[in-house]
Peer 1: 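There's a structure below that I have some questions on.
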Amino acid sequence: MSDSAVHVRSDTELAATNRALYDTLWADALLIEPCRFNTWPLLSTLAAQSKRSLEVAPGLRPRLPLQRTQFLDISAAAMRRFLERGAAAVVGVINALPFADQTFDLVCSFDIVEHVDDDATALAELSRVCAPGGTLLLSVPLHEAAWTAFDDFVGHRRRYEPQDLINMLRRHGFDIERSAVFGMQPKSPRLVAWSMWHLIHHRERAMWWYNHVFMPIGLHMQRKLRWQPGLIDDPHVDTVLMVCRRAGTANGARFT
């Protein structure tokens with residue numbers, strides 16, 4: 001783990017890193033339709049079976065249907081694009097969700113809790129708005145030993161050790177039903193470094209390549225999600241997507 005790991009940065013520096021990167025990214029990126037991601041077979045089914053759905057921090061990469069979901073993101077630029085498409089979208093933060101208790105029976109939060117300083121409050125908020133028996137889809141990076149410069153660049157606060165993650169979710173009323181390898185980060189460190197450098201120094205050109213070359217290739221190369229019971233504990237898996245169940249009587253959708 002590098003000396004520049006996110007633990008060294010102050011909360012203010014981390015927040016500034018996240019806001020600057022993603023405001024820049026979402027200002028110039030294209031909105032990708034949910035049906036183009038490998039999560040669509042699962043999430044389209046769950047959304048159809050759910051009365052109310054919430055996706056927190058979608059950026060311009062929503063995984064739930066645009067017309068049947070409440071979206072929330074810290075980026076005003078991203079939320080304007082959702083509003084232009086007729087979606088329900090508000091600007092806000094995961095640590096203070098502006099929704100009543102037990103409002104949603106399907107909640108999605110992809111690649112966000114690792115960015116916030118107070119992840120316990122973030123999970124408490126996701127738990128608060130999720131109805132008893134509801135479903136939480138959550139993705140996070142695993143294993144601090146897998147830390148790279150990419151984590152620094154994108155504003156991660158932490159990676160999670162599997163057992164710590166299981167315990168934290170249980171404290172907030174969630175059990176992990178199953179999980180799958182997740183993420184679209186390139187495996188080549190050289191490609192990641194090249195992309196980061198160009199995004200910093202040649203943003204307009206980098207965003208053209210991102211929108212028209214790298215993102216389409218990444219979407220095309222996605223693999224079908226392969227689910228395993230419980231949480232994957234493999235040191236070679238650095239990002240995981242989990243299907244979690246909120247404690248209580250199930251009124252929402254079930255994943256089969």
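Bear in mind the structure is a predicted one, so any value in this text is a computation, not a measurement.
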Peer 1: Going through the distances and angles, do Arg159 and Asp151 end up as a side-chain contact (heavy atoms from CB on, under 4.5 Å)?
Peer 2: CA-CA 9 Å; Arg159 285 178 170 270; Asp151 294 279; 3.1 Å; yes

Peer 1: Could you tell me which residues satisfy salt bridge (charged side-chain N to carboxylate O under 4.0 Å, His left out) with Arg171, sequence neighbours excluded, listed by chain and number?
Peer 2: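 Expected list: none.
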
Peer 1: Holding to side-chain hydrogen bond (donor to acceptor under 3.5 Å, both in side chains), I want the full list of residues that pass it with Glu33, two or more places apart in sequence or in another chain.
Peer 2: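 side-chain hydrogen bond (donor to acceptor under 3.5 Å, both in side chains) list for Glu33, sorted by chain: Arg85.
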
Peer 1: Going by the rule side chain to side chain contact (heavy atoms under 4.5 Å, CB included), which residues pair with Ser139 if we only count those two or more places apart in sequence or in a different chain?
Peer 2: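 Applying side chain to side chain contact (heavy atoms under 4.5 Å, CB included) to Ser139 gives Phe110, Asp111, Phe182, Leu241.
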
Peer 1: Would you give me the side-chain donor-acceptor pairs under 3.5 Å for residues 119-127, sequence neighbours excluded?
Peer 2:
{"from": "Asp119", "atom 1": "OD2", "to": "Tyr160", "atom 2": "OH", "distance (Å)": "2.8"}
{"from": "Thr121", "atom 1": "OG1", "to": "Asp118", "atom 2": "OD1", "distance (Å)": "3.3"}
{"from": "Thr121", "atom 1": "OG1", "to": "Asp118", "atom 2": "OD2", "distance (Å)": "2.4"}
{"from": "Glu125", "atom 1": "OE1", "to": "Leu97", "atom 2": "N", "distance (Å)": "2.7"}
{"from": "Glu125", "atom 1": "OE1", "to": "Arg128", "atom 2": "NH2", "distance (Å)": "3.0"}
{"from": "Glu125", "atom 1": "OE2", "to": "Arg128", "atom 2": "NE", "distance (Å)": "2.8"}
{"from": "Ser127", "atom 1": "OG", "to": "His172", "atom 2": "O", "distance (Å)": "2.7"}
{"from": "Ser127", "atom 1": "OG", "to": "Arg246", "atom 2": "NE", "distance (Å)": "3.0"}
{"from": "Ser127", "atom 1": "OG", "to": "Arg246", "atom 2": "NH2", "distance (Å)": "3.2"}

Peer 1: Under a 4.0 Å N-O cut-off, is there an ion pair linking Arg52 with Asp105?
Peer 2: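 Here Arg52 does not pair with Asp105 in a salt bridge, since their nearest N and O are not under 4.0 Å apart.
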
Peer 1: For residues 69-97, which residue pairs pass the ring-ring contact (aromatic ring centres under 6.0 Å, His included) check, not counting sequence neighbours?
Peer 2: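 Output for this query lists Phe71-Phe82.
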
Peer 1: For Pro162, enumerate each residue passing the side chain to side chain contact (heavy atoms under 4.5 Å, CB included) test, keeping only those at least two apart in sequence or located in another chain.
Peer 2: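 With sequence neighbours excluded, Pro162 shows a side chain to side chain contact (heavy atoms under 4.5 Å, CB included) to His143, Leu231, Asp233, given in chain and number order.
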
Peer 1: State which residues pass side chain to side chain contact (heavy atoms under 4.5 Å, CB included) with Gln228; sequence neighbours excluded, sorted by chain then number.
Peer 2: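 For Gln228 the side chain to side chain contact (heavy atoms under 4.5 Å, CB included) partners, ignoring immediate neighbours, are Ile232.
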
Peer 1: Quick one: ring pair (Phe, Tyr, Trp, His ring centres under 6.0 Å) partners of Phe174, sequence neighbours excluded?
Peer 2: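 Checked Phe174 against ring pair (Phe, Tyr, Trp, His ring centres under 6.0 Å); zero matches.
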
Peer 1: Testing the basics here: between Leu30 and Arg61, what is the closest heavy-atom pair and its distance to 0.1 Å?
Peer 2: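 So the two residues come closest at O-NH1, 2.6 Å.
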
Peer 1: Show, in sequence, the C-alpha distance, side-chain angles and deciding distance for Arg158 and Glu114, and conclude whether the salt bridge (Lys or Arg N to Asp or Glu O under 4.0 Å) test is met.
Peer 2: CA-CA 5 Å; Arg158 66 190 65 79; Glu114 63 270 23; over 6 Å; no

Peer 1: Who pairs with Gln163 by side-chain hydrogen bond (donor to acceptor under 3.5 Å, both in side chains), at least two apart in sequence or on another chain?
Peer 2: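 Asn167.
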
